[in-house]
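Here the structure is a predicted model, which means the values were calculated and not measured. Chain A is the first sequence line, chain B the second, and so forth, proteins listed ahead of strands; every chain is numbered from 1.
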Amino acid sequence: MEEQSARSLNFIEEIIEEDIRNGVNESRVHTRFPPEPNGYLHIGHAKSICLNFGLGKKYNGKTNLRFDDTNPVKEDVEYVDSIMEDVRWLGFDWEDRLFYASDYFEQLYAYAVILIRKEKAYVCDMTAEEMSETRGAPTRPGKESPYRSRSVEENIDLFARMRAGEFPDGSRVLRAKIDMASPNMHMRDPVLYRILHAHHHRTGDQWCIYPMYDFAHGQSDSIERITHSICTLEFEVHRPLYDWFIREIGLYVPRQIEFARLNVTYTVMSKRKLLELVQQGYVNGWDDPRMPTICGLRRRGFTPESIRNFAETIGVAKRDNVIDVSLLEFCIREDLNRRTNRLMAVLNPVRVVIDNYPDELVEEMESVNNPEDESKGKRKMPFSKSLLIERDDFMEDPPNKFFRLAPGREVRLKSAYIIKCESVVKNPETGEITEIHCTYDPQTKSGMPESNRKVKGTLHWVSEKQAVKAEIRLYDRLFTRENPDDIEEGKTYKDYLNPDSLKVITGMIEPAVLTPGNFDKYQFERTGYFSVDKDSTPQNLVFNRVVPLKDSWAKAK
RNA sequence: UGACCCAUGGUGUAAAGGUAGCACGAGUGAUUUUGGUUCACUCGGUCUAGGUUCGAAUCCUGGUGGGUCAACCA
């Protein structure tokens, strides 16, 4: 069965397997997912989560969750909590390996002192502006800081006093002493520590100096004995620095591997932009179903399985990529198709009156919940003289290939009778059709011996009197441009926001949904997959459309 | 105009020097109590120019195109 996995490794797996063969780091595999708690996780993080935890599992290794919380002014426990919830929801377990970079502040301080003693780090008094000016440019070398040659003793003393809070923010930094002429900007005496009198969400006011990403990340990996530190491509130029710290301090050696981050058409992925959409009210919060956040997708009705399968399907490589949203839609359709119950729901109703049906009779019609899965059982739906069908399912003057209801034509009502349209009633002023009068054939009730007569179409319907009103939220892509980050002159990504990304309508639902034991996601016949919104109550049913069904008739039109 | 990274159908991703495959997509047909689902078939690709080799998507060189890097962010 699994024969094909024998030799179809992605480039990261090849590196890992080679390391295993060579006995690198005792041939262990230990990965980590290291988010900064400064925002909510999105589908791009899901790729990283699936990758890191997936690799840990595949190679019988472990995966840590580590919060990269070295910048207190941007971080908050709100984000810590949401990240843990999202990772768990996706189906991954860090067991007892929950860590914070802030757990290592004392250790990192000691590492910095080691570098100072080796004359590989120094306290620099330049302002941020001066530092920026003397750093040079990629094509031009920088100039060495006048503080570069401070004595070890002076550096140790100054660094201790930085920690003790003797200096104001921004007055001094600790820098590595590497090479101001390096073609790699990150090697031009990068900042290791800065002074920041800010309250940290975990360490409180214990520290007023904070390590920079470069000084914290690799060492944290090393402390946790991470073997493979997988990150996105923009950190590729940081790798020489990552390795430099590990080597100079003399630490356990993890290997950093970079992959291309995920991009999806018709959406933005940067935390900054997503934050703007929330803060400026373009969407209703991080979990707005239009957002590409994990919590947004969850609220929309995506399943963890579908997202994991998506991550598996897109693969991993180093070239820039833009995944078409249709692939994400495929993944959720594929999953929901076999797990959701079918539900009759009429989104844009028009009345159908069965003239030859008894006035007061209400029959119970039986329908399978999921034709793909018999074990999902059956349900009963009331049927009566006055029904509602989809307005689109009737045409007074239809083209040839219209398979639905039209004057003189027959259709089957799903799980009920075959009906024939006899006449229509219109509003004399507007010309709008208000009633469609039909007759039914009593011999064609679903399940009866003579019910197998072929008719061109089958329609969904609800019984007018028993149907339940529901608020239906139809979501469309948030942006009108395939790549909202590809901005035309004089515009911003916000100019590509889709004003019609949310449409709220009132639909009529079969009453079965109110009975207990139903699933929280449904396939509405022909219209799409829907989930019950978290704000829904029995008095006010609210459905979110996860994704429309494919509709080849719509295309033909 | 520096360093580093990348280049396979429309979109992704495989092929460890030896048949360019898979998925989405698009198209055609069959089945169908929804035109969905399911099934079958089809479409379509190695950026370019040289070189090495019996043989190159794969190795080498040049070009072209794209990306990353000049935060006391991560």
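No engagement by A:M180 is indicated, since no non-hydrogen atom pair under 4.0 Å with the nucleic acid exists. Using a 4.0 Å heavy-atom distance criterion, A:S132 is classed as a sugar-phosphate-only contact. Looking at heavy-atom distances under 4.0 Å, A:V191 makes contact with sugar-phosphate atoms alone, never a base. Note on A:D68: only backbone sugar-phosphate atoms sit closer than 4.0 angstrom, heavy atoms only; bases stay farther off. Residue-level contact check: A:R135 touches the backbone only, with heavy atoms under 4.0 Å from sugar-phosphate atoms and none from bases. If you check every strand for non-hydrogen atoms under 4.0 Å, A:F235 touches a base. If you check every strand for non-hydrogen atoms under 4.0 Å, A:H238 touches a base. Using a 4.0 Å heavy-atom distance criterion, A:G447 is classed as a base contact. If you check every strand for non-hydrogen atoms under 4.0 Å, A:M212 touches sugar and phosphate atoms only.
The distance from atom CZ of A:R188 to atom P of B:C72 is 13 Å, rounded to the nearest whole Å. In this structure, A:Y122 atom OH and B:C72 atom P are separated by 12 Å, rounded to whole Å. Atoms CD1 (A:I332) and P (B:C24) sit 16 Å apart, rounded to a whole Å. Whole-Å rounding puts the A:L241 CG to B:A74 C1' distance at 14 Å. Nucleotide B:C24 holds its C1' atom 15 Å from the OH atom of A:Y266, rounded to whole Å.
Side chains of A:N184 and A:S182: a donor-acceptor N/O pair is absent below 3.5 angstrom, by distance only. In this model, no donor atom of one side chain and acceptor atom of the other lie less than 3.5 Å apart for A:N341 and A:K376. Donor-acceptor pairing under 3.5 Å is lacking for the side chains of A:Y440 and A:E410. With hydrogens and angles left out, the side-chain atoms of A:Y417 and A:E363 include a donor and acceptor closer than 3.5 Å.
Here A:R526 pairs with A:D393 in a salt bridge; the nearest charged N to carboxylate O distance falls below 4.0 Å. Classification of A:K380 and A:E364 as a salt-bridged pair fails, no side-chain N sitting under 4.0 Å from a carboxylate O. Using a 4.0 Å cut-off between charged nitrogen and carboxylate oxygen, A:D179 and A:R188 do not count as a salt-bridge pair. Under a 4.0 Å N-O distance rule, the pair A:D68/A:R32 does not qualify as a salt bridge. Looking at A:E366 and A:R379, no side-chain N of the basic residue comes within less than 4.0 Å of a carboxylate O on the acidic one, giving no salt bridge.
Taking atom P in both B:G51 and B:G10, one finds a spacing of 28 Å when rounded to whole Å. The C1' atoms of B:U58 and B:U1 are separated by 33 Å, rounded to the nearest whole Å. Between B:A49 and B:U11, the two C1' atoms lie 28 Å apart (nearest whole Å). Taking atom C1' in both B:A7 and B:U13, one finds a spacing of 14 Å when rounded to whole Å. Rounded to whole Å, the C1' atom of B:U31 lies 15 Å from the corresponding atom of B:C41. To the nearest whole angstrom, the two P atoms, one in B:G21 and one in B:A16, are 14 Å apart.
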> Under a 3.5 Å cutoff on both atom distances, Watson-Crick or G-U, what's the dot-bracket for RNA chain B ([ ] crossing, | other strand)?
Replying inline: .((((((..((((....[..))))((((((.......))))))...(((((..]....))))))))))).....
Please list, pair by pair, any protein nitrogen or oxygen found under 3.5 Å from a nitrogen or oxygen in nucleotides 10-13 of chain B.
unit_1	atom_1	unit_2	atom_2	d
B:U11	O3'	A:V322	O	3.1
B:U11	O2'	A:V322	O	2.9
B:G12	OP1	A:V322	N	2.7
B:G12	OP1	A:V322	O	3.4
B:G12	O5'	A:V322	O	3.4
B:G12	O2'	A:I314	O	2.8
B:U13	OP2	A:R319	NH1	2.9

Heteroatom pairs (N/O) under 3.5 angstrom, protein to nucleotides 35-39 of chain B:
unit_1	atom_1	unit_2	atom_2	d
B:G35	O3'	A:S552	OG	2.9
B:G35	O6	A:F403	N	2.6
B:G35	O6	A:R404	NE	3.4
B:G35	N1	A:K401	O	3.3
B:G36	OP1	A:S552	OG	2.9
B:U37	O2'	A:N337	ND2	3.4
B:U37	O2'	A:E372	OE1	3.0
B:U37	O2'	A:E372	OE2	2.9

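Dashed line: the shortest gap from a side-chain N or O of A:T70 to OP1 or OP2 of B:A74 is under 4.0 Å.
Partners of A:K318 by side chain to side chain donor-acceptor pair (under 3.5 Å), not counting sequence neighbours, listed by chain and number: A:E236. Judged as a side chain to side chain donor-acceptor pair (under 3.5 Å), and not counting sequence neighbours, the contacts of A:Y493 are A:E276.
Residue pairs satisfying the salt bridge (Lys or Arg N to Asp or Glu O under 4.0 Å) criterion with at least one member in residues 33-44 of chain A, sequence neighbours excluded, are absent.
When each of A:Y111, A:F159, A:Y213 is tested with A:Y193 by the rule ring pair (Phe, Tyr, Trp, His ring centres under 6.0 Å), just one qualifies, namely A:F159.
Applying the 3.5 Å distance criterion, the base of B:U1 shares no donor-acceptor pair with the side chain of A:T139.
Closest to the A:K454 side chain, of the nucleotides B:A14, B:A70, B:U32, is B:U32.
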